[in-house]
Amino acid sequence: MTTQTLQQTQSATLTYDGKSVTLPLVRGTEDEVAADIEKLRAQTGMITLDPGYGNTGACKSAITFIDGEKGILRYRGYPIEELAEKSNFLEVSWLLLHGELPTRAQLAEFTNEVTRHTLLHENFRRFFDALPKDAHPMPVCAAAVAALATFYQEPDSDSKLQETVVRLIAKMPTLAAYSYKHSIGQPFIYPRNGLDYSTNFLNMMFATPCDEYQVDPLLARALDLLLILHADHEQNCSTSTVRMVGSSQANLFASISAGISALWGPLHGGANQQVIEMLERIEAEGGDVQKFVDRAKDKKDNSRLMGFGHRVYKNYDPRAAVLKKSCTDVLSRLGIKSRQLEIAVKLEEIALRDDYFVSHKLYPNVDFYSGIIYKALGIPINMFTVMFAIGRMPGWIAQWLEMRSDPANRIGRPRQIYTGATKRGYVAIDQRGR
Ligand code: SDX
């Protein structure tokens with residue numbers, strides 16, 4: 001870059017083989033700058049190569065802003081800390097979907113719409129009956145969301161698409177609770193229209209036909225907070241999957257189902273289950289936290305400190321800070337002394353002082369403390385990533401709608417650098433291997 005700063009220049013110059021090409025710069029509302037390479041191959045024959053897309057913007061988006069260096073997360077401009085304290089999950093869902101906080105009337109109507117669509121078609125019972133009881137709930141939910149496309153026809157209007165949006169947000173908790181009931185051989189508990197979103201879910205999970213289940217309002221609020229914190233996170237792996245699948249004009253159910261599958265990976269949403277299993281392992285092995293931190297640093301040992309590190313955050317994940325405080329609130333309300341929380345806090349203390357973690361800028365992420373709260377709520381460990389999917393639903397949908405409403409949107413189709421065999425002739429089978 002010449003004497004001008006990045007903020008002042010309007011273009012970048014790429015020089016190669018004695019030639020040069022000018023790339024226009026694209027600037028975001030938070031002063032992020034990108035070199036626009038849309039015409040690079042046509043102008044130079046070259047492409048860029050960026051495995052994992054760590055330096056590549058796939059789109060422009062107005063939904064969520066993250067500043068990884070400063071540990072900032074905002075949904076439509078609102079800081080996550082404020083929304084966590086003052087909002088609720090359905091209000092945040094509306095914000096992500098529509099770009100503004102809803103009026104009282106809009107929120108009341110949206111809440112009513114979601115409440116009235118929580119029930120699943122009775123034929124879904126046969127869907128669950130066909131699945132093994134010990135099936136992990138993530139593939140169950142991915143398959144069930146894809147199956148919703150068989151019950152509801154392709155939306156052919158905006159109002160029908162809006163109905164699909166409401167159905168996904170409304171039915172995901174019901175699908176999740178039904179997958180849990182199926183796994184423990186208990187009858188499904190129907191959603192109840194008189195309960196709020198989080199209370200309804202906890203009731204479907206833990207009520208039985210034999211006895212009423214009183215949902216503690218503080219636990220319902222803790223769950224609502226978890227859902228808010230997971231609601232969107234710009235172009236992460238699963239959201240990029242939802243956008244990619246949707247870019248082929250596949251319907252919203254199919255795109256979301258693909259996103260659920262991507263989220264399941266232990267490096268992504270599956271990490272919350274891995275964190276609790278890691279904390280339980282440390283506890284079972286006598287609680288020697290330093291030993292585990294040393295193993296996580298050892299390149300010969302492929303264990304990682306799950307719930308630590310992030311592609312974007314090179315500072316404390318703001319969601320983890322909110323969750324750490326919520327852990328203490330929920331556990332003290334329940335009168336639970338959590339050895340795993342003690343181990344997690346100790347792990348964090350040691351890691352944040354350790355040169356390896358400091359130099360690699362590895363901090364706790366959203367998955368480090370969330371599992372401790374899920375466990376205190378009575379959610380089984382293999383359902384933790386399903387909880388992440390329930391929370392991420394409005395974010396996935398908002399990103400998909402933004403992609404589909406962008407007239408400049410094209411089917412996603414990355415390029416590659418080929419490193420395989422160059423041209424060669426066919427060899428008859430009895431001539432091979434000589
Ligand atoms: C989520 O993208 C999002 O926004 C995701 C998410 C969302 O809301 O959608 O925030 C949700 O997925 C959070 C992340 C949950 N995953 C985990 O907690 C799994 C443990 N963390 C990592 O595996 C890792 O940090 C990732 C996957 C989160 C990020 O991976 P990157 O950016 O590809 O980094 P990397 O694997 O290339 O690691 C860079 C270096 C390596 O060391 P070097 O070879 O350079 O010496 O950091 C080391 C890694 O070995 N490292 C870790 C580590 N994470 C990275 N070392 C020990 N423990 C860890 N947890």
Side-chain angles (χ1 to χ4, degrees), residues 50-58 61 63-69 71-75 80 84 92 96 138 226-243 259-279 282 289 291-323 344 347-348 350-352 354-372 384-385 387-396 398-399:
D50 184 19
Y53 309 112
N55 306 283
T56 300
S61 178
I63 299 171
T64 291
F65 172 68
I66 301 174
D67 181 323
E69 282 65 33
I72 289 173
L73 169 58
R74 299 188 198 123
Y75 295 160
I80 192 66
V92 165
L96 289 168
M138 280 301 274
L226 278 157
L227 298 177
I228 290 171
L229 293 171
H230 286 81
D232 193 52
H233 213 240
E234 52 129 293
Q235 306 313 314
N236 56 82
C237 176
S238 54
T239 299
S240 300
T241 302
V242 170
R243 278 179 170 258
I260 294 172
S261 297
L263 186 72
W264 190 18
L267 293 185
H268 190 11
N272 57 19
Q273 175 175 341
Q274 303 278 327
V275 168
I276 283 293
E277 287 167 355
M278 171 184 78
L279 297 174
I282 295 172
V289 174
K291 185 178 82 177
F292 197 85
V293 169
D294 294 341
R295 281 183 52 197
K297 293 156 49 178
D298 179 357
K299 289 298 167 213
K300 292 187 290 300
D301 185 323
N302 64 7
S303 60
R304 282 196 162 188
L305 197 47
M306 299 310 276
F308 254 74
H310 200 278
R311 174 63 60 76
V312 176
Y313 287 123
K314 301 308 168 191
N315 200 322
Y316 210 100
D317 183 332
R319 302 168 295 178
V322 176
L323 284 169
L347 262 179
E348 178 186 329
I350 291 179
L352 295 188
D354 182 286
D355 285 350
Y356 173 89
F357 288 88
V358 173
S359 62
H360 283 83
K361 297 184 179 175
L362 301 174
Y363 292 87
N365 60 50
V366 67
D367 292 312
F368 192 61
Y369 287 106
S370 58
I372 293 167
F384 286 7
T385 311
M387 303 309 297
F388 194 141
I390 295 173
R392 186 53 53 90
M393 188 60 78
W396 281 334
Q399 298 274 352

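The analysis underlying the following values was restricted to heavy atoms, covering all of them including side chains, and did not include hydrogens, waters or symmetry mates. Residue indices begin at 1 and follow the sequence shown. Numbering of ligands and ligand atoms starts at 1, following listing order.
Considering Arg304, Arg319, Arg392, Lys361 only, the shortest heavy-atom separation from atom 38 (O) of ligand 1 involves Arg304. When the options Val275, Leu73, Leu362 are ranked by their closest heavy atom to atom 53 (C) of ligand 1, first place goes to Leu362. With distances taken over non-hydrogen atoms, the option nearest atom 42 (O) of ligand 1 out of Lys299, Arg295, Glu234, His230 is Lys299.
Counting protein heavy atoms only, atom 13 (C) of ligand 1 is closest to Asp367 OD2, 3.5 Å. Ranking the protein heavy atoms by distance from atom 4 (O) of ligand 1 puts His233 ND1, 2.6 Å first. When hydrogens are left out, the protein atom nearest atom 14 (C) of ligand 1 is Asn365 ND2, 3.5 Å; that is the closest non-hydrogen contact. Atom 19 (C) of ligand 1 has Met306 CE, 3.7 Å as its closest protein atom, hydrogens excluded (heavy atom only). If you check which protein heavy atom lies closest to atom 47 (O) of ligand 1, you get His360 CD2, 3.5 Å. In terms of protein heavy-atom proximity, atom 58 (N) of ligand 1 is nearest to Leu305 N, 3.1 Å. At the shortest separation from atom 12 (O) of ligand 1 among protein heavy atoms lies His268 ND1, 2.9 Å.
For Asp301, the CG atom sits in a packed shell: over 12 heavy atoms of surrounding residues, nucleotides or ligands are nearer than 6.0 Å.
For the pair Phe384 and Gln274, the minimum side-chain heavy-atom distance is 4.5 Å or more. By the 4.5 Å heavy-atom criterion applied to side chains, His268 and Asn236 are counted as neighbours. Inter-residue side-chain proximity for Ile372 and Val275 is flagged as unmet; no heavy-atom pair is nearer than 4.5 Å. Contact check for Phe368 versus Leu347: side-chain heavy atoms found under the 4.5 Å cut-off. Put simply, the side chain of Tyr316 reaches to within 4.5 Å of the side chain of Glu348, judged on heavy atoms. Here the side chains of Leu226 and Met387 are not in contact, with every heavy-atom distance at 4.5 Å or above. In this structure, Asp67 and Asn315 have side chains that are not in contact, with every pair of non-hydrogen atoms separated by 4.5 Å or more.
Inclusion of Phe388 in the set of residues having an N or O under 3.5 Å from an N or O of ligand 1 is not warranted. Checked by distance only, ligand 1 and Leu267 come closer than 3.5 Å through their nitrogen or oxygen atoms. Distances between N or O atoms of Asp317 and those of ligand 1 include no value under 3.5 Å.
Atom 28 (C) of ligand 1 lies below 4.0 Å from at least one non-hydrogen atom of the protein. Distance check for atom 21 (N) of ligand 1: a protein heavy atom is found below 4.0 Å. Contact annotation for atom 34 (O) of ligand 1: protein absent (non-hydrogen atoms, distance under 4.0 Å).
Within the structure, ligand 1 lacks Gln235 among the residues with a heavy atom less than 4.0 angstrom away. Lys297 does not count as a contact of ligand 1, since none of its heavy atoms falls under 4.0 Å from the ligand. Residue contact check for ligand 1: Tyr356 places a non-hydrogen atom closer than 4.0 Å to it. Within the structure, the closest approach of Val312 to ligand 1 does not fall below 4.0 Å when heavy atoms are considered.
Against a heavy-atom cut-off of under 4.0 Å, Arg311 is close to the following atoms of ligand 1: 29 (C), 31 (P), 32 (O), 33 (O). Each of the atoms 25 (O), 28 (C) of ligand 1 lies under 4.0 Å from some heavy atom of Gly309. Close approach of ligand 1 to His310 is summarised as follows: ligand atoms under 4.0 Å from at least one heavy atom of the residue are 2 (O), 3 (C), 4 (O), 5 (C), 6 (C), 10 (O), 13 (C), 25 (O), 28 (C). For ligand 1, the atoms lying closer than 4.0 Å to a non-hydrogen atom of Ala271 are 15 (C), 16 (N), 17 (C), 18 (O). The Asn236 neighbourhood of ligand 1 comprises atoms 2 (O), 3 (C), 4 (O), 5 (C), 9 (O), with distances under 4.0 Å to a heavy atom of that residue. Set against the non-hydrogen atoms of Gly307, the atoms of ligand 1 under 4.0 Å away are 17 (C), 18 (O). Taking every non-hydrogen atom of Ala296 and a distance limit under 4.0 Å, the qualifying atoms of ligand 1 come out as 57 (C).
Rounding to the nearest 0.5 angstrom, the gap separating the CD1 atom in Ile80 from the CZ atom in Phe65 is 14.0 Å. Between the OG atom of Ser370 and the CD1 atom of Ile276 there is a distance of 8.0 Å, given to the nearest 0.5 Å. To the nearest 0.5 Å, the span separating CE on Met138 from CH2 on Trp264 amounts to 8.0 Å. Note: Tyr363 OH to Leu352 CG = 7.0 Å, rounded to the nearest 0.5 Å. The OG atom of Ser61 sits 4.5 Å away from atom CD of Gln399, with the distance rounded to the nearest 0.5 Å. Put simply, CG on Leu263 and CD1 on Ile260 are 8.5 Å apart, with the number rounded to the nearest 0.5 Å.
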Evaluate the criterion ring-ring contact (aromatic ring centres under 6.0 Å, His included) for residue pair His233 and Tyr313; output intermediate values, then yes/no.
CA-CA 11 Å; His233 213 240; Tyr313 287 123; 5.2 Å; yes
Between Gln235 and Tyr53, does a side chain to side chain donor-acceptor pair (under 3.5 Å) hold up when you go through it step by step?
CA-CA 10 Å; Gln235 306 313 314; Tyr53 309 112; over 6 Å; no
